[in-house]
A.B. asks: 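To start, I am sharing the structure in question, which I have written as structure tokens.
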Amino acid sequence: MNEVERKISAYIDALNAERKPERDLLTSDEELEKLAATVRQVRTLREPEMPDSDYPKRLSEAVTRKMQKKVTPRRTFGRFFKPATVLVAGLLLFALLTSWGGLLQQDVVYAMEKAVAQLENYHGILEMRTKNANGEEWVVRQVELWSEGNKYALRQDDGTLTVNNGEQKWQIRPQSGEVAILPVVPDPTRSSFDLRDEAKRAKEYPHKVVGSEVVAGRQATKLEITPPGGLSYYLWVDNETDLPIQLQTAMQNGLQTTYTFISFKPNTKFEANIFAYQVPEGYKVIAEDPGQLVATVEEAAAISGLTPILPHKAPKRVFAFENKIVLDYEDTTITESLASGSFKPAPNSALGTAAGGPLEVWWESLRWRQTGLEIQVEGPQRVELAQQIAPDLTLPDLDKQGNKGQVKVPVDMEIVKASQQQVDRGSSPWQLDPMQVALTFVNLEVTPEGIVGEPTIPMASFEVESNNGAVAVVKVSEGPIAKVYLERLIRQDETGIWTVVGYDPR
Amino acid sequence: MLTFKDLIKAKAGDPRAIEDFCLDTWETTYRFVYYKVQNREEAEDITQETYVKFLSSLNQQSTPIDNIGGYLKVVALNVIRDKWRRNKRRGTLVNIEDINPSKMASQDCQDTITERLQVEEALAQLKEEQRTILELRIIKGYSVADTAKLIGKSEGAVRTIQHRALRVLSKILTAKNE
């Protein structure tokens, strides 16, 4: 490939990812510099990407640190030379270096990766706080965690203890006096805040040091991590242990969660039996078909009674259930089960096609039907693995515009923007569901004075005909409107609201 | 209303004064910087450096208290040009003392509108395929792979057409400015 073509393309990619282009990308090449300037000029036609809401605060803190450093008179340092002053100066220097980024930020992530790799086990108390865009906290929960290799135990506020020892997963529920035996995989409990995953992501994704703060009484370095094409989130790394201590997710659907280790002991000694399966006296055991770890797919087929469709890539583990097989790829799982009833994609999911039928695309999950099986692939390798099972799989075509209906509905973008902001703040989440938006629109056409009680045209009369994540068509089986055409006008992802742009009268 | 006294406090490192000053003015400064560098990471860093430089060089004689926004833009421009010069890119340093910030601020706004119009006109002169690729890649922000899928071409072809389109566009824009 032509080197200039490659470099200018990489330059565009960096700007699209809102990253500073690599310095050596354009060095001393006049033609490339000209082309890069042209790229920047074209890019002025789009709206600037604004920083996170806490940027003004970060900015003023960073400026304060630098200005204070500038005005510290040298003679004071000499006259009051004490160990404490050295500490303060050290911290100031640290703050200054971290805010400069550069070498030190690589060191933070490198040290964290090393510390996590050396971590044999840990015991801690993790606090989870969720707040909406207005800053109101509405969920506060604490869990106690023991983790060692692929084993963990997690005790919730109400005393419920969930344990996965790699071979078995169970939950002790003191309130009902029950022990529930659960499937080992897929395991959604594990993925909430895994230290190894966090260190890996921080290394893989563009990141930078944005400050130094005290978290749960410990001095920590704050990292801003920006997954390609995603929203930035923050990770705080304990300066003493080099381990992650706090994670703050990006504001998604108007909600943001902060996970904080309010106590944390790495490489410690556990109670010997914490990961051992024991039924407390007087407790009843309920088996929810935990599945069996099997050695071969043939064995899984015999237990489940299914003939699974396999991708080329071999799974790490295979679990067999009655009428279900789970293939475990560590970060991704494939669940194949017997299809029953009709296939109903989640109303807010985007639709593609697979095996000649619809494909549900919903966050990190793909789901479709194929030769009598319902197949769901969840995790980062989902597209690659799903395409190995259904080679005809196509993801929603975002550029497909479709028609906008026989009757156009005028759209006031100011109102749409305000509605999106309202949903981002955590209210009116129904606007994220094209079915709900269509239902409201149609019923307001029928009863313009407002919907009182049950809507005249019920939800059962609405069905999503197509949805590519940006444009959707909802069919209505009764009433004056036959089809409603909707678009995500502000953001074309799961956080974007739907707006009616047209309809077909019956 | 910002006073010179507030700015002196900010210069002395007073956190409250710095916070008030930044909250009041950051958005215009950030937007200006973003317009020049076109990426968030660099825009955030340069905005920060602009404030430090601004406060460090503050003096009653040369700081126009009635147009701090314009003056911040001049400082930002110097920071950007200084960085580009260090990266062996072109750009001459603007002497802060010689510049009239109020003229600079309004001129900049007009320049922005004119520049955008010029880019739009220049894009319209490209072949449809070239224009589509630049729109998808640069304005809509699609990857080469997605762009290739959308227009039914190979990734290599997208890069080649993109390169040619930028060369043509660069010539058109240079001719307009001469």
Side-chain angles (χ1 to χ4, degrees), chain A residues 1-2 4-6 8-9 12-21 23 26-28 30-31 33-46 48-51 55-72 99 101 206 208 210 226 229 232 397-399, chain B residues 10-15 18-23 26-27 30-31 34-45 47-48 51-52 55-56 87-90 112 115-116 118-120 123 134 136-144 146 149-150 156 158-160 162-163 166-167 169-170 173-174:
Chain A
M1 192 202 312
N2 180 324
V4 180
E5 286 175 12
R6 188 193 66 77
I8 199 67
S9 213
I12 296 171
D13 288 337
L15 297 186
N16 285 345
E18 298 298 340
R19 279 196 332 263
K20 181 179 170 181
R23 191 184 285 190
L26 308 171
T27 310
S28 65
E30 205 174 319
E31 192 206 339
E33 280 179 20
K34 257 190 189 169
L35 296 182
T38 310
V39 170
R40 289 196 301 274
Q41 271 184 288
V42 174
R43 221 172 173 274
T44 59
L45 298 179
R46 59 190 262 177
E49 174 81 12
M50 297 305 282
Y55 176 71
K57 198 165 170 274
R58 277 195 280 127
L59 171 71
S60 55
E61 282 169 1
V63 174
T64 304
R65 277 197 301 273
K66 290 200 174 179
M67 291 316 294
Q68 285 177 347
K69 174 77 180 158
K70 277 180 191 284
V71 297
T72 307
S99 63
K208 61 178 177 185
V210 291
T226 311
S232 298
D397 181 1
L398 269 180
D399 208 42
Chain B
K11 185 177 180 167
D14 181 301
I18 292 175
E19 193 181 343
D20 288 347
F21 175 44
C22 288
L23 288 180
W26 78 269
E27 194 175 335
Y30 174 88
R31 279 180 183 274
Y34 188 96
Y35 187 84
K36 300 284 177 199
V37 299
Q38 288 298 322
N39 72 87
R40 200 179 92 170
E41 186 183 5
E42 219 172 350
E44 287 187 3
D45 291 349
T47 304
Q48 184 182 318
Y51 278 90
V52 176
L55 288 173
S56 307
N87 289 356
K88 293 186 187 170
R89 294 184 198 161
R90 276 158 301 149
T112 305
E115 267 175 35
R116 279 189 179 157
Q118 279 181 349
V119 175
E120 277 172 3
L123 274 172
L134 291 192
L136 288 170
R137 284 282 287 138
I138 303 173
I139 302 174
K140 292 193 176 164
Y142 284 105
S143 65
V144 171
D146 288 343
K149 221 185 282 174
L150 287 166
V158 168
R159 284 197 194 91
T160 305
Q162 169 182 279
H163 177 219
L166 284 169
R167 281 173 59 182
L169 196 67
S170 169
L173 288 166
T174 313

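Scope of the values below: all heavy atoms of this structure, side chains included, with no hydrogens, waters or symmetry mates. Below, chain A is the first sequence line, B the second, and so on; all start at residue 1.
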A.B. asks: For residues B/I18 and A/S60, report the shortest heavy-atom separation together with the two atoms involved.
C.D. replies: CG2-O, 3.6 Å

A.B. asks: Who passes side-chain hydrogen bond (donor to acceptor under 3.5 Å, both in side chains) against A/E61, sequence neighbours left out?
C.D. replies: A/K57

A.B. asks: Do we see a donor-acceptor contact under 3.5 Å between the side chains of B/T160 and A/E5?
C.D. replies: yes

A.B. asks: Can you tell me which of A/P51, A/P48, A/P56 forms the most heavy-atom pairs within a distance under 4.5 Å of chain B?
C.D. replies: A/P51

A.B. asks: What's the verdict on side-chain contact (heavy atoms from CB on, under 4.5 Å) for B/L166 and A/I12, showing C-alpha distance, side-chain angles and the deciding distance?
C.D. replies: CA-CA 11 Å; B/L166 284 169; A/I12 296 171; 4.2 Å; yes

A.B. asks: To check you understand the geometry: which heavy-atom pair defines the closest contact between B/A43 and A/Y55, and what is its length?
C.D. replies: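 Minimum heavy-atom contact is O-OH, 4.5 Å.
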
A.B. asks: For the residue pair B/R116 and A/L45, what are the closest heavy atoms and their distance?
C.D. replies: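 Closest pair (atom of B/R116, atom of A/L45, distance): O-CD2, 3.8 Å.
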
A.B. asks: Of the options A/K20, A/E18, A/K208, which is the one that meets B/E44 in a side chain to side chain contact (heavy atoms under 4.5 Å, CB included)?
C.D. replies: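 Of all the options given, the one that passes is A/K208.
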
A.B. asks: What are the two closest heavy atoms between B/G13 and A/M67, and how far apart are they?
C.D. replies: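 Taking every non-hydrogen atom into account, CA-CB, 4.0 Å.
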
A.B. asks: Keeping the roles fixed (side chain from A/E49, backbone from B/R40), state whether a donor-acceptor pair exists under 3.5 Å.
C.D. replies: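 Answer holds: no.
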
A.B. asks: Is any side-chain N of the basic residue among B/E42 and A/R19 closer than 4.0 Å to the acidic one's carboxylate O?
C.D. replies: no

A.B. asks: Are A/S9 and B/R137 close enough, and set up right, to give a side-chain hydrogen bond (donor to acceptor under 3.5 Å, both in side chains), and what steps lead you there?
C.D. replies: CA-CA 9 Å; A/S9 213; B/R137 284 282 287 138; 3.1 Å; yes

A.B. asks: What is the minimum heavy-atom distance between B/I138 and A/R46, and which atoms define it?
C.D. replies: O-NH1, 3.3 Å

A.B. asks: Mark yes or no for whether B/Y34, through its side chain, and A/M50, through its backbone, hold a donor-acceptor pair below 3.5 Å.
C.D. replies: no

A.B. asks: Can you measure from CD (A/Q41) to CG (B/L123) and round to the nearest 0.5 angstrom?
C.D. replies: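 Going from the CD atom of A/Q41 to the CG atom of B/L123 covers 10.0 Å.
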
A.B. asks: Counting only N and O atoms by type, is there a donor-acceptor contact under 3.5 Å from the side chain of A/R40 to the main-chain atoms of B/V37?
C.D. replies: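 Answer holds: no.
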
A.B. asks: Give the intermediate values and the outcome of side-chain contact (heavy atoms from CB on, under 4.5 Å) for residues A/R43 and B/I139.
C.D. replies: CA-CA 6 Å; A/R43 221 172 173 274; B/I139 302 174; over 6 Å; no

A.B. asks: Which bit of B/Q162 comes within less than 4.5 Å of chain A, counting heavy atoms only: side chain, backbone, both or neither?
C.D. replies: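 Side chain of B/Q162 only, per the 4.5 Å heavy-atom cut-off to chain A.
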
A.B. asks: A/T38 and B/R167: side-chain donor and acceptor closer than 3.5 Å?
C.D. replies: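 Note: A/T38 and B/R167 side chains miss the donor-acceptor criterion.
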
A.B. asks: How many angstroms lie between OG1 in A/T44 and OH in B/Y35, if you round to the nearest 0.5 Å?
C.D. replies: 4.0 Å

A.B. asks: Do you know which of B/D146, B/D20, B/V119, B/V158 has the most heavy-atom pairs under 4.5 Å to chain A?
C.D. replies: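 Winner by heavy-atom pair count: B/V119.
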
A.B. asks: Indicate the atoms forming the closest heavy-atom contact of A/N16 with B/Y142, along with that distance.
C.D. replies: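 Minimum heavy-atom separation between A/N16 and B/Y142: ND2-O, 3.9 Å.
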
